[in-house]
Amino acid sequence: MRRSDLGEFEEIVLLTVAVLTPNAYSVVIAEELEAQTGHTVTTGAVHAALQRLEDKGLVNSQMGEATAERGGRRKRLFTVTVAGSRVLHEVQAVRDRLWQRILPNALPKIDLA
Amino acid sequence: MMNTNNHPPRWLDRLLERFCAPHLREEVQGDLHERYQLRFNRISKTKADWLYFRDIFSYLRPSIFKRRHSPKPVLTDMLRNYFLIASRNLTRQKAFSVINILGLSVGMACSILILLWVQDELSYDRFHTHADQLYRLTSHTPDIHAAVTSAPTAAAMVEKIPEVKSAVRLSDNTHVLEVGERKFEEEGIYYADSTFFDVFSFPLVRGDVKTALNRPDGILITERMAQKYFGQEDALGKTIRKDNQDDFVVTGILADIPSTSHLRFDFILPMSFLARTDRDLKENRWGSFNFYTYVLLDKNVDASSLARLNKQINNIVQKNIKLRVDFQLQPVLSIHLNSHLLRDVAGNGNIQYVRIFSVVAVFILVVACINFMNLATARSAKRAKEVGLRKVVGANRFQLIGQFLAESSLISFLSLLVAIVLVWLLTPFFNMLSDKQLTLNFLDTRLLLIIGAIVLTTGLLSGSYPALFLSRFQPVKVLKGNLAVENGNAWFRNGLVVCQFVVSIIMLVGTAVVYNQLQFIKQRNLGFDKENLLYVQMTGELWNKQQAFKNELKQNPLTQSFAIAQDLPTNLGTGAADVYWEGKDPQSQPIFPTMAVDAGFIDIFKMKILSGRSFYADSKADSASYIVNERALQIMGMNISDAVGKSLTYGGMKGTIIGVVQDFNFKPIQQSIEPMLMHLNTWGGKVIIRTQPNKTEATIQALESIHKKLNPAYPFTYHFIDQDLANLYKTENRMGDLFNAFAVLAIFISCLGLYGLSAFIAEQRTKEIGVRRVLGASVGNIVYLLSQNFTRLLLLAMIIATPLAWYAANNWLEGFAYRINIDWTIFLISCFTALGIAALTVSYESIKAALKNPVKALRNE
């Protein structure tokens, strides 16, 4: 599996799965992303990304328990696989290396406060 | 937390349920509802509804629609089951299956062969580009209907009638053609106008259509003849010598004439060449009818304007001749099947036979279908349980009907495969019988469609009754084991058996009638003795050396009884209207066929002079003497006693009647005897020799040596009168043979079905027979018991078939002026043949059943 096959949205969904494990499923991931980014994230988009990640072998899933909000339906819970973990680490390593090579003053200053 | 208020819009839910694959529905719907709740609590209902809507649409993608393969049974599984059951049924009862498939395939093979034949008969002359605009001019008087017209008519029509686009005259001839060593007498020679290719579309392989017939010494030959005369060499531009004197240059090579052309020829010579010598052409004679005239009409001419054209043509011709003749344009497409005129081209078919055989084809197929229906309904009890069970587990009636129809279609298709093999095997034999070159061409879409239709109709027809009947069973009754359906069923089956035998008996009667009529033709006393007569055409120098020739003939005892005549009493094509006698009604215009004969003619043919005398040998005085037949006396109102000595004018020559000859047939016996006028032969013709019995070979040799001596330049050919006569009835004989073959097949198929049925009934009544045997019934009793039902059915079939067969046979015989009477013996023989064959068929199984040891039949319950 080549890393370039991992889209930006997929990457962030994968990362969120890792964050929310052991309780990662479409709704909470979508809510979390909405909270983090401030944009509306549809459940369907997240579900699609999860399906693709599962196809690529980066996440695993099994059915979880049912709740009343879901009308008694079960949820599908996702966990990151070894391959998924490796991909996340690689992505992070690449970014870290790149961040470290940015010269001071190379980026325009932004007021982060 | 959950209440009805915070439920998402139901229609969106339903939409989701519709498109979402079932295995994903739980998690997806769960996710959506959970999120809806979150949003509902967090924001407002409207906002939540809107976001729910957006969410639903975010799921619109293939991975959500795609259904996982379902393990539930689907249509194909049921079909597979149908096939399985069908093949099990076929293999379990092999005998019945063989009877079914064999019967159906023989029936189909017959139908396909007949179809090929009919299609061929109907396709005559359609290859011409303007086939539906082509017509032939025919001439009619009350007595005579002829295919020929006079020489100037063609040109006059083109000139005066704008609708006539083009016209061509044809005249057939026999010549001796010669290229180097190769020298043959050729019959397929037509003289034709240069407009030949404007009218007809016979393709020219070499040469130019526009100029091919322009030069008077040009000749067109077919590829076949190019091969025959020139072998591998290129024939174009080569020379062919005709009758030892005229040289012709090959100006074109025609593709071989299609077998579906009513005109059959191998050579075309220019009419301009004939015009140098032919008196009709030189003098533009209107009154002499010797040419075929074909015209190409404008494409706007329809049936109504055709009558107007006929009138115009009649007006043109009537100005030029005194005769009352009615001219009619005859569509070329109808010539092959509908034209039986005087001097018509040889080898025409007959629409009646096309109809008869089409009916026969349908009959045979129906008989074969009946077999199938009969056996299927008879065996229905065996499948009743299956039907019951299928209904119990939910099959509805239409599914069952579908199943049985599909099964019969399957069998019908299997039969087709066997039938195609049969057709392939039988085609050479069939072609021999029918004198055609038929092949099963799978690239012919129309043929394929018709065959497909035959298969489908056969399948549906033969499956229809069993399907409707079997699907009606009530599951409770059949599963309980008592089938009280036998009665109505038996009625139906009996009806079908009667139908089959009606067809068989009609075919048998037909065969007998055709055979008897053909025998009648063969044995009929024609008024002369046709045996041991052979004749030679007097070609080349023979007529000029006639004295020497006659002397040579007289010297040899083998050839000494001879006559020289222009005409033969086989298929006479002459007819004269200019015959006058004292007291002739000026309004009447009887046509007298004429024969130019010599002194020996009447003796040689063993005709009978009723009063007066024959011509005197070498008598110049008899040049104005006439001999007439009895029919002519009737027409002229004379008696045998006083006719001799009366004056008679023919062709402007006033003379006397010197003798009356007994009526004899000089045309095919479809036509009755017409008035005949014989006059003295002053020109060549044919020399006819009566050979002594068993000395035919020697006579031919003697004749050949005389011929070689006097006429060395011409090849020697001879013919037999009785063979010529037999050839006249070739079509009838051929039809007789075909009819025989199909009658045998129809009876074979019927018996096949009857055999199956009797075997089934014998099997069904095994126990009953066993009990009867134990109680003392003899084998005879049992056989009687099993056969009596069939005998009753056959008697009924006889009663129905007899009038139908009589009607059909009479209809056919009507076409003959001299015919047999259908007497009751024919019916009796046919009926008893049918009865005998049926009895043999049924008795085999009956006797087998009766002879079986009753212990075996009763042993197990």
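Note on naming: letters A, B, ... go to the chains in the order of the sequence lines (proteins, then strands), and numbering restarts at 1 for each one.
When atom types are taken as modelled, the side chain of A/Lys56 and the backbone of A/Gly84 share no donor-acceptor pair closer than 3.5 angstrom. Listed for the A/Arg73 side chain is no donor-acceptor partner under 3.5 Å among the backbone atoms of B/Asp31. Here the side chain of A/Ser61 pairs no donor or acceptor atom with the backbone of A/Leu77 at under 3.5 angstrom.
In terms of heavy-atom pairs under 4.5 angstrom with chain A, the leader among B/Arg39, B/Glu27, B/Gln29 is B/Glu27. Of the listed residues (A/Lys75, A/Glu34, A/Met63), the greatest number of heavy-atom pairs within a distance under 4.5 Å of chain B belongs to A/Glu34.
Looking at B/Ile56, there are no atoms closer than 4.5 Å to chain A (heavy atoms on both sides), in backbone or side chain. For chain A, the nearby part of B/Ile64 is the side chain; its heavy atoms alone come within less than 4.5 Å. Both the backbone and the side chain of B/Arg35 come within contact range of chain A, judged by heavy atoms closer than 4.5 Å. For A/Ala48, the parts lying under 4.5 angstrom from a heavy atom of chain B are both the backbone and the side chain. For a residue to count as touching a neighbouring chain, one of its non-hydrogen atoms must lie under 4.5 Å from one of that chain's; by this rule A/Ala66 does not touch chain B.
For A/Thr42 and B/Arg54, the side-chain atoms include no donor-acceptor pair closer than 3.5 Å. Inspection of the B/Arg390 and B/Gln399 side chains reveals no N or O donor paired with an N or O acceptor under 3.5 Å.
Aromatic ring pairs are classed by plane angle as parallel below 30°, tilted from 30° to 60° and perpendicular above 60°; the pair B/Phe469 and B/Phe473 is perpendicular. Ring geometry, B/Tyr59 versus A/His47: the interplanar angle falls from 30° to 60°, so the pair is classed tilted.
Taking every heavy atom of both residues into account, B/Gly459 and B/Ser408 meet most closely at O-OG, 2.7 Å. Residue B/Asp55 comes nearest to A/Gly44 through the heavy atom pair OD1-N, 4.3 Å, listed as atom of the first residue, atom of the second, then distance.
For residues 8-26 of chain A, a heavy-atom distance under 4.5 Å to chain B picks out A/Tyr25, A/Ser26, given by residue number.
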